[in-house]
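When reading the values below, keep in mind they use all heavy atoms of this one structure, side chains included, and skip hydrogens, waters and symmetry mates.
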Amino acid sequence: MSLKIFISSNRNEFIEERLFLKDKLMSDPFLSNFIEIFLFEDDAESSSRAPIDIYINQVHNSDIYIGKY
């Protein structure tokens, strides 16, 4: 079982921080086996679904939410 982590912020804010956090979490040899990371501002662009639908679905299905509101 893996923990699903949703990382989000305003598209123009914290770009480097989002990518840094994902890179650090996924480069850990132990932790990376137990997590899945979704970066809304990066991963949602490749979908044909409405952004709000993707956002709500990902938040609902995530175990951890890291974001700014």
Side-chain angles (χ1 to χ4, degrees):
M1 181 180 153
S2 62
L3 287 174
K4 295 180 181 179
I5 302 173
F6 183 103
I7 302 173
S8 181
S9 69
N10 179 296
R11 179 164 185 73
N12 297 319
E13 294 180 336
F14 305 111
I15 296 166
E16 292 177 15
E17 290 83 353
R18 287 193 315 265
L19 295 174
F20 175 82
L21 184 56
K22 180 179 181 179
D23 180 57
K24 287 300 175 188
L25 292 171
M26 295 309 293
S27 65
D28 182 282
F30 177 77
L31 189 59
S32 63
N33 292 312
F34 300 100
I35 61 173
E36 294 176 37
I37 296 179
F38 182 83
L39 296 177
F40 178 74
E41 292 76 7
D42 300 321
D43 296 335
E45 288 183 353
S46 61
S47 177
S48 61
R49 293 174 36 204
I52 190 68
D53 293 337
I54 297 168
Y55 188 91
I56 290 171
N57 184 54
Q58 288 294 331
V59 169
H60 183 264
N61 292 313
S62 292
D63 300 299
I64 299 171
Y65 175 85
I66 301 171
K68 175 186 179 249
Y69 69 94

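- Considering only residues two or more places apart in sequence or on other chains, Ser8 meets the side-chain hydrogen bond (donor to acceptor under 3.5 Å, both in side chains) condition with Glu41.
- Every residue meeting the side-chain hydrogen bond (donor to acceptor under 3.5 Å, both in side chains) condition with Ser2, not counting sequence neighbours, appears here in chain and number order: Glu36.
- Ile35 and Ile64 fall within the same hydrophobic cluster, defined by Ile, Leu, Val, Met, Phe, Trp and Tyr side-chain heavy atoms under 4.5 Å apart, directly or through other members.
- When the salt bridge (Lys or Arg N to Asp or Glu O under 4.0 Å) test is applied to Glu13, the partners found at least two apart in sequence or on another chain are Lys68.
- Here CZ of Phe20 is found 9.5 Å from CG of Leu25. Values are rounded to the nearest 0.5 Å.
- Judged by distance alone, the side chain of Asn33 and the main-chain N or O of Pro29 form a donor-acceptor pair under 3.5 Å.
- Contact check for Leu39 versus Leu21: no side-chain heavy atoms found under the 4.5 Å cut-off.
- Side-chain contact between Arg18 and Ile66 is absent, with no heavy atoms from C-beta onward closer than 4.5 Å.
- To the nearest 0.5 Å, atoms CE (Met26) and CG (Leu31) are separated by 8.5 Å.
- For Phe6, the ring-ring contact (aromatic ring centres under 6.0 Å, His included) partners are Phe38, Tyr55, Tyr65, not counting sequence neighbours.
- Lys22 approaches Ile7 most closely through the heavy-atom pair N-CD1, 4.5 Å.
- For Asp53, there are no side-chain hydrogen bond (donor to acceptor under 3.5 Å, both in side chains) partners at least two apart in sequence or on another chain.
- Among residues two or more places apart in sequence or in another chain, the side-chain hydrogen bond (donor to acceptor under 3.5 Å, both in side chains) test is passed with Asn61 by Asn57.
- Residue Asp63 comes nearest to Leu3 through the heavy atom pair OD2-CA, 3.3 Å, listed as atom of the first residue, atom of the second, then distance.
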